[in-house]
Amino acid sequence: MQVTLKVMRHDPAKNAKPGWQTYSVEAEPMDRVLDLLHKVKWYQDSSLAFRRSCGHGICGSDAMVINGVNQLACKALVKNLGMLIQVEPLHGLPVEKDLIVNMEGFFAAYRSVKPYLINEEQPPERERLQSPEDRAVFDTSTKCILCAACTTSCPVFWVNGSYIGPAAIVQAHRFIFDSRDKGLRERMQALNASTGLWRCRTAYNCTEACPRGIPVTKAIEEVKRAMIYDRF
Amino acid sequence: MAHEHDVIVVGAGGSGLTSALYAANQGVNVAVVSKLYPTRSHTGAAQGGIGAALGNVEEDHWEWHMFDTIKGGDYLTDQDAAELFCKEVIDAVIELEHMGLPFDRLPSGKIAQRRFGGHTKEFGKAAVHRAAHAADRTGHMILQTLYQQCVKEGITFYNEYHVTDLILEGGVAQGLVAYELASGELHTFKAKAIVVASGGYGRAWKTTSNAYTLTGDMQAILYRKGIPLEDMEFYQFHPTGLFPLGILLTEGARGEGGILRNGSGERFMERYAPTIKDLAPRDMVARAMYMEVREGKGVGPRKDYVLLDLTHLPPETIHNKLPDIAEFAQIYLGVDPTKQPVPVMPTAHYAMGGIPTTVNGEVVTDGNNTVVKGLYAAGEVACVSLHGANRLGTNSLGDLVVFGRRAGVAAAKFAKDAEFYDFTSEVLGPSRERIEKILNAQGGPSVADMRAELQQTMQDRASVFRVESLLQEQTEVLKELFDKYEKVVVQDRGTKYNTELVEAIELGYLLEVSEATVHSCLNRRESRGAHAREDYPERNDKEWLKHTLVYKCPNRAVKFAYKEVVLGKFEPKARTY
């Protein structure tokens, strides 16, 4: 079948404004949007620029707005999207070219929450022990692939790009709720700042956008509570 | 622009990040150059586990792991590498835990372990729980944990820089040239030591579990420079690729009790490997699957695949221990593995062969282990050779951390006593010429058409089973493709994010590694591990218990040399399971 693929194209070096370009692509219902983008790039218009690597939703390269919703192009299937598919770059991050956005700010926010295990105690000779129950508490947060789908779906982030955003808070959650970690207070500086997690307005867009099924808003709420209760 | 770092690591997957961390620990200045963004590397797609004789679930010993690795490698494994690997991987797993890796846990709080293909107790008696895991995203967790440590250490990253050249003068590696995707600019990188950790080349085949970006870049760059590639005929096809896409479904699914069935519902692996059945090594299972299909025992309207049956497992096992692969089956095939068996067929997965190195990651150029000063390699791009003729499941993740660490430490130690070499921007010349030639070409074939032809022909003539006539044909196909490649054209002539240009350059690398692979397949007249020659079906230790080194020669010819296999504890024996 033929589907119509509308892509928001923009080369800031050439044009001041972005514009839609429409392609007609032969597709199967089980094709991924990534397959359609490849068909365009390989056989119709090779100047189309987008990122991709693994092709099955694990590397986080190809998050984009597909029919108005943040998704990974390699996990969005034609059968679920209909005959007209619109693709745009993620909102809220500077567009470099077509579907490629600048990720530097996103990774800077990630780094600001100290996304690594903090525990100054000398570890034992063997592994640190952790019960399956303690391990389960932060399980979903470890699924994050840093694709930026959540952060760029957040209305707070759209109006204030300095907000660290849901992805960085999920990373903080992954460590704060790890029984082996002692770094809550060290992370508080970034989380408590005016650009930190109190900006969250619980819109739930992040939870809907996450391609890994992480309950992002719930994680944010849990971090908020951890920060409040830590004061007492 | 010109850059300078004591140690430069090429690639930001598991081995690259491990090398960078350990080099930085030695107190030298380290940078990582990667064609991807951090955490996009394909280590993140590894699922099932990292094998180490922790003995957390049941008795286990590094000697048992060593035996399995060598037998799994069909006795082509270098036994010195296997011995130190099986000892050191235990510490490496503990160290990953200390770094924060969220392994699954046993009720005792220790790291959980599962069964995996070819891993046995008491030298082959029965399958053993050896693979430490974090659900079915162990590679993802390793990649995340290592990157987190790099953030902590403040290591410098050059993201989306494609290495296009290695500066190699008088047997000494002096630096690199790289193309910056964002600007189209060429950069020079001076380094006292370089660690190559850029991964494999599964994109030479049509059906692969590998990322689009795995195109053998550094193997090809070194091969063009006269450095040989070792054991390129040994390429692993993972049995359970989601049919027909080739997306990986972990062997851990069989480790948890999954069963392969043919068209009549028979558990056919009982016939091929009576002792460990579905947990036989990957080369044997992949061949068995092809045999079933060839004999008309496949599934589906064309009887061209088999089934991975998980329906007898408790749904909680699938949801808790195999959530990602369950999702892949659901999304890409609409199959719920708790209720229906999943269509699978082998998928191009892993290069046992690659850049020859010592156990410290030093790149060598001949059978006498002559070292290239300042040049190191680790991970899938390298050939130590730990994996011999066939890698065991989980040993790739172990390889990354054990040999990544060794290469990083050795590179840093070397760099401490070395000086930067003086070179000017003239070294950019060959890269610039190559790029401009592609950008200025007119009327030639497109990258996509040529790549599709390469992948289809490699699939048809150089995959699980090989035979002289088809391999010979493929060498001719490759010659024609090299000729066509001289005129390859791109439509996009821009400088910013010119991903078409990058694909054109990558196609050139794929041709080189395919040439090395096909000629090595043709050259080895025996069957061993993943190299199954239908015209030479037996293993021949008398003539072929040796590593192949293939060198690129002028006029699209190759020449071969050989390297002795390091034997030791375990004498080559017939390989049955």
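Lettering of chains follows the sequences in order, A, B, ..., and the numbering in each one begins at 1.
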Proximal component of A/Glu104, with respect to chain B [non-hydrogen, under 4.5 Å]: both

Neighbour count >12 (heavy atoms, 6.0 Å) for atom NZ, A/Lys218: no

A/Ile100 portion near chain B, given a 4.5 angstrom heavy-atom threshold: side chain

Does A/Glu127 use its side chain to pair, donor to acceptor, with the backbone of B/Glu97 at less than 3.5 Å? no

Mark yes or no for whether B/Lys496, through its side chain, and A/Glu96, through its backbone, hold a donor-acceptor pair below 3.5 Å. yes

If you count heavy atoms of other groups shown closer than 6.0 angstrom to CD of A/Gln189, is the number above 12? no

Would you please test A/Ile58 and B/Gln47 for side-chain contact (heavy atoms from CB on, under 4.5 Å) and show each step? CA-CA 10 Å; A/Ile58 206 71; B/Gln47 296 168 354; over 6 Å; no

Heavy-atom proximity to chain B below 4.5 Å, by part of A/Arg135: side chain

With a 4.5 angstrom heavy-atom cut-off, could you sort out which part of B/Ile111 is near chain A: side chain, backbone, both or neither? both

Is it the backbone or the side chain of B/Arg493 that comes under 4.5 Å from a heavy atom of chain A, or both, or neither? neither

Short side-chain to backbone donor-acceptor contact, A/Arg128 and B/His98, under 3.5 Å: yes

Hey, are B/Asp324 and A/Arg212 close enough for a salt bridge, meaning a charged N less than 4.0 Å from a carboxylate O? yes

Hey, are the side chains of A/Tyr110 and B/Val151 touching, using non-hydrogen atoms and a 4.5 Å cut-off? yes

Bottom line for A/Asn80: the part with an atom under 4.5 Å from chain B's heavy atoms is neither

Quick one: what part of A/Asp35 sits under 4.5 Å from any heavy atom of chain B, side chain, backbone, both or neither? side chain

Heavy-atom check, side chain of B/Arg105 versus side chain of A/Ser131, under 4.5 Å: no

For the interface with chain B, which of A/Asp139, A/Leu77, A/Leu129 has the highest count of heavy-atom pairs at distances below 4.5 Å? A/Leu129

Atom OH in A/Tyr116, atom SG in B/Cys150: separation rounded to 0.5 Å? 12.5 Å

Kindly give the heavy-atom pair with the smallest separation between A/Phe50 and B/Thr499, and that separation in Å. O-CG2, 4.3 Å

Checking A/Ile145 against chain B: side chain, backbone, both or neither under 4.5 Å from a heavy atom? both

Checked A/Met30, A/Lys143, A/Arg32, A/Lys114 vs chain B; the most non-hydrogen pairs under 4.5 Å come from A/Lys143

Can you tell me how far apart NZ (A/Lys75) and CD (B/Glu327) are? Round to the nearest 0.5 Å. 3.5 Å

By a 4.5 Å heavy-atom criterion (distance strictly below it), what part of A/Glu125 contacts chain B: side chain, backbone, both, or neither? backbone

Residue selection (most heavy-atom pairs with chain A, distance under 4.5 Å) from B/Val447, B/Leu54, B/Asn498: B/Leu54

With a 4.5 angstrom heavy-atom cut-off, could you sort out which part of B/Leu36 is near chain A: side chain, backbone, both or neither? side chain

What part of B/Leu96 is in contact with chain A, defined as an atom under 4.5 angstrom from a non-hydrogen atom: side chain, backbone, both or neither? neither

If you compare all heavy atoms of B/Lys152 against all heavy atoms of A/Leu117, which two are closest, and at what distance to 0.1 Å? NZ-O, 4.1 Å

Interchain contact, B/Tyr332 with chain A, by part (heavy-atom threshold 4.5 Å): both

Nearest atoms (heavy-atom pairs only) where B/Thr213 meets A/Ser53: OG1-OG, 2.7 Å

From the list A/Cys147, A/Pro124, A/Gly55, the residue making the most non-hydrogen contacts under 4.5 Å with chain B is A/Pro124

So which of B/Glu160, B/Gln149, B/Met99 has the largest heavy-atom pair count under 4.5 angstrom toward chain A? B/Glu160

Check each atom of B/Leu333 against the heavy atoms of chain A and say whether the ones under 4.5 Å are side chain, backbone, both or neither. backbone

Charged N-O contact under 4.0 Å between B/Glu503 and A/Arg52: yes

Using the six-membered ring wherever Trp is involved, compare the ring planes of A/His56 and B/Phe328 and label them parallel, tilted or perpendicular (cut-offs 30° and 60°). perpendicular

What part of A/Arg180 lies closer than 4.5 angstrom to a heavy atom of chain B: side chain, backbone, both or neither? side chain

Taking every heavy-atom pair that is under 4.5 Å apart, which of B/Pro102, B/Ala134, B/Ala448, B/Ala211 has the most such pairs with chain A? B/Pro102

Quick one: what part of B/Thr495 sits under 4.5 Å from any heavy atom of chain A, side chain, backbone, both or neither? neither

Return the OH to OG distance between B/Tyr212 and A/Ser61, rounded to the nearest 0.5 Å. 11.5 Å

Please confirm whether the backbone N or O of B/Lys110 pairs with a side-chain atom of A/Arg126, one donor and one acceptor, at under 3.5 Å? no

Residue pair A/Asp62 / B/Arg40, side-chain heavy-atom distance below 4.5 Å: no

Looking at A/Ser47, A/Cys54, A/Cys59, which has the largest count of heavy-atom pairs under 4.5 Å with chain B? A/Cys59

To the nearest 0.5 Å, what is the distance between CD on A/Gln130 and CG on B/Asp104? 10.0 Å

Can you confirm whether A/Met103 sits close enough to B/Asn159 that some side-chain heavy atom of one is under 4.5 Å from a side-chain heavy atom of the other? no

Name the region of A/Lys14, side chain, backbone, both or neither, that has any atom closer than 4.5 Å to a heavy atom of chain B. neither

Hey, does the side chain of B/His140 reach the backbone of A/Thr142 with a donor-acceptor pair shorter than 3.5 angstrom? yes

I want to check something: taking the side chain as every heavy atom from C-beta on, are B/Glu500 and A/Trp42 in contact at a cut-off of under 4.5 Å? no

Go through the atoms of A/Lys41 and report whether side chain, backbone, both or neither lie under 4.5 Å from a heavy atom of chain B. side chain

Taking the inter-plane angle between the rings of B/Tyr37 and A/Phe107 on a 0 to 90° scale, is it parallel (under 30°), tilted (30 to 60°) or perpendicular (over 60°)? parallel

Could you have a look at A/Arg174, A/Glu133, A/Lys79 and say which one has the most heavy-atom pairs with chain B under 4.5 angstrom? A/Arg174

